[in-house]
Engineer: 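Could you have a look at this structure, given as structure tokens, before my questions?
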Amino acid sequence: MATLGFIGSGSIGTRIAQLAIAAGIDVVLSNSRGPETLAETVAELGERARAATPEEAARAGDWVVVSIPLAPYRELPVTALAGKVVLDTINYYPMRDGHIEALDSGETTTTELVQEHLAGAKLVKAFNNISDHHISALARPTDAADRSALPIADDDPKANASAVDLISRLGFDTVDVGPLTKAGALNRRPTPTRCRTPPTLTP
Ligand SMILES: NC(=O)c1ccc[n+]([C@@H]2O[C@H](COP(=O)([O-])OP(=O)(O)OC[C@H]3O[C@@H](n4cnc5c(N)ncnc54)[C@H](OP(=O)(O)O)[C@@H]3O)[C@@H](O)[C@H]2O)c1
């Protein structure tokens, strides 16, 4: 039985969790305020979902989605995430996160900052340039003619293969854009990069 852990269970995290459950994957959600604050979300997601602390969600996950604002990234649990494939959806918004000189100057990318903090984890930038409602609206089975592809960036071939497999199970093809040094290019495109045919969106 596969499990997907979540650190951050807001707009993006819960939509990815819905797709995971539809794919038969158990989910463990967490946030900054404690598992009890996720009771309603867990009830809506059903019996494959439970809530825990960030450390517990990290340890439980075969992969872990990190989907929080950038500012508190140093709170991510280093030991619990060591060795894990971590899908990082984080974007940098200076008005929300405060200015970070190394990002403003283009010296580094958000994912490299997070990777530096999570030294033992294998970061894969993913789901950061698709809006929350499109995650639900555009997910498709593998044989769908109008399946969308999401760009991913990472530094580890095994983590890449594992993330590609997971994202496919969630409903999307992937396009490799290269190493984490290239991940900054993904921050400025709020829509999926490519669809085989234009999607029909529900209002
Ligand atoms: N929304 C989009 O369309 C979109 C698209 C692409 C990328 N992104 C990026 O993805 C990330 C998440 O976006 P979102 O829209 O899902 O945000 P959101 O709805 O505000 O959810 C943020 C989640 O992060 C949790 N969190 C905050 N600080 C935490 C901490 N220190 N430890 C554990 N959990 C913490 C929050 O929990 P509490 O509520 O308990 O604090 C909440 O569950 C952001 O970096 C955003 O820029 C968003």
Side-chain angles (χ1 to χ4, degrees), residues 4-20 27-45 49-61 63-81 84 86-100 103 108-115 117-118 121 123-139 148-153 163 167 170-172 174-175 177 180 183-193 201:
L4 183 55
F6 288 85
I7 300 180
S9 304
S11 301
I12 295 287
T14 53
R15 282 176 170 82
I16 297 174
Q18 283 173 332
L19 297 182
V27 303
V28 181
L29 305 179
S30 72
N31 63 10
S32 74
R33 288 167 295 143
E36 65 284 357
T37 66
L38 289 165
E40 197 174 321
T41 304
V42 166
E44 285 171 8
L45 288 170
R50 68 181 173 92
T53 65
E55 286 79 4
E56 289 165 343
R59 290 189 195 285
W63 318 260
V64 181
V65 174
V66 167
S67 192
I68 65 174
L70 179 62
Y73 79 90
R74 288 190 184 86
E75 295 173 23
L76 292 168
V78 176
T79 304
L81 287 170
K84 302 279 181 174
V86 173
L87 274 64
D88 165 22
T89 82
I90 296 173
N91 282 331
Y92 168 49
Y93 291 107
M95 288 182 68
R96 179 192 65 189
D97 299 311
H99 278 278
I100 298 173
L103 295 177
T108 190
T109 63
T110 60
T111 308
E112 287 174 288
L113 282 182
V114 178
Q115 177 69 84
H117 171 65
L118 298 175
L123 268 281
V124 179
K125 193 78 180 182
F127 285 105
N128 76 305
N129 76 340
I130 180 169
S131 58
D132 50 6
H133 61 282
H134 279 143
I135 290 174
S136 308
L138 297 182
S148 297
L150 301 179
I152 62 171
I167 294 168
L170 297 178
F172 296 92
T174 47
V175 177
V177 302
L180 295 181
L186 306 185
N187 283 358
R188 296 175 200 91
R189 300 189 188 109
T191 53
T193 48
L201 297 179

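Computed from a prediction, not measured in an experiment: that's the story for all the values here. In each ligand, atom 1 is the first atom listed, and ligand 1 is the first ligand listed. Just so you know, residue 1 is the first one in the sequence shown, and it goes up from there.
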Engineer: Given side chains that start at C-beta, do those of Leu113 and Tyr92 come closer than 4.5 Å, heavy atoms only?
Structural biologist: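 No, side chains not in contact.
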Engineer: Work out which heavy atom in Ala80 is nearest to a heavy atom in Glu55; give both atom names and the distance.
Structural biologist: CB-O, 3.7 Å
Engineer: For Thr79, give me all partners under side chain to side chain donor-acceptor pair (under 3.5 Å), at least two apart in sequence or on another chain.
Structural biologist: none
Engineer: Please tabulate, for side-chain N and O atoms in residues 10-18, each donor-acceptor pair with protein atoms closer than 3.5 Å (sequence neighbours left out).
Structural biologist:
unit_1	atom_1	unit_2	atom_2	d
Thr14	OG1	Gly10	O	2.7
Arg15	NE	Asp132	O	3.2
Arg15	NH1	Ser11	O	3.3

Engineer: Students should find this: residues with any non-hydrogen atom under 4.0 Å from ligand 1. What is the answer?
Structural biologist: Ile7, Gly8, Ser9, Gly10, Ser11, Ile12, Asn31, Ser32, Arg33, Ser67, Ile68, Pro69, Pro72, Glu75, Thr89, Ile90, Asn91, Tyr93, Arg96, Phe127, Asn128, Ile130, Ser131, Asp132
Engineer: Output yes when a side-chain donor or acceptor of Thr109 lies under 3.5 Å from a complementary backbone atom of Leu180, and no otherwise.
Structural biologist: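 Looks like yes, one N/O pair under 3.5 Å.
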Engineer: Among all residues two or more places apart in sequence or in another chain, which pass the side chain to side chain contact (heavy atoms under 4.5 Å, CB included) test with Thr174?
Structural biologist: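 Applying side chain to side chain contact (heavy atoms under 4.5 Å, CB included) to Thr174 gives Ile152, Val164, Ile167.
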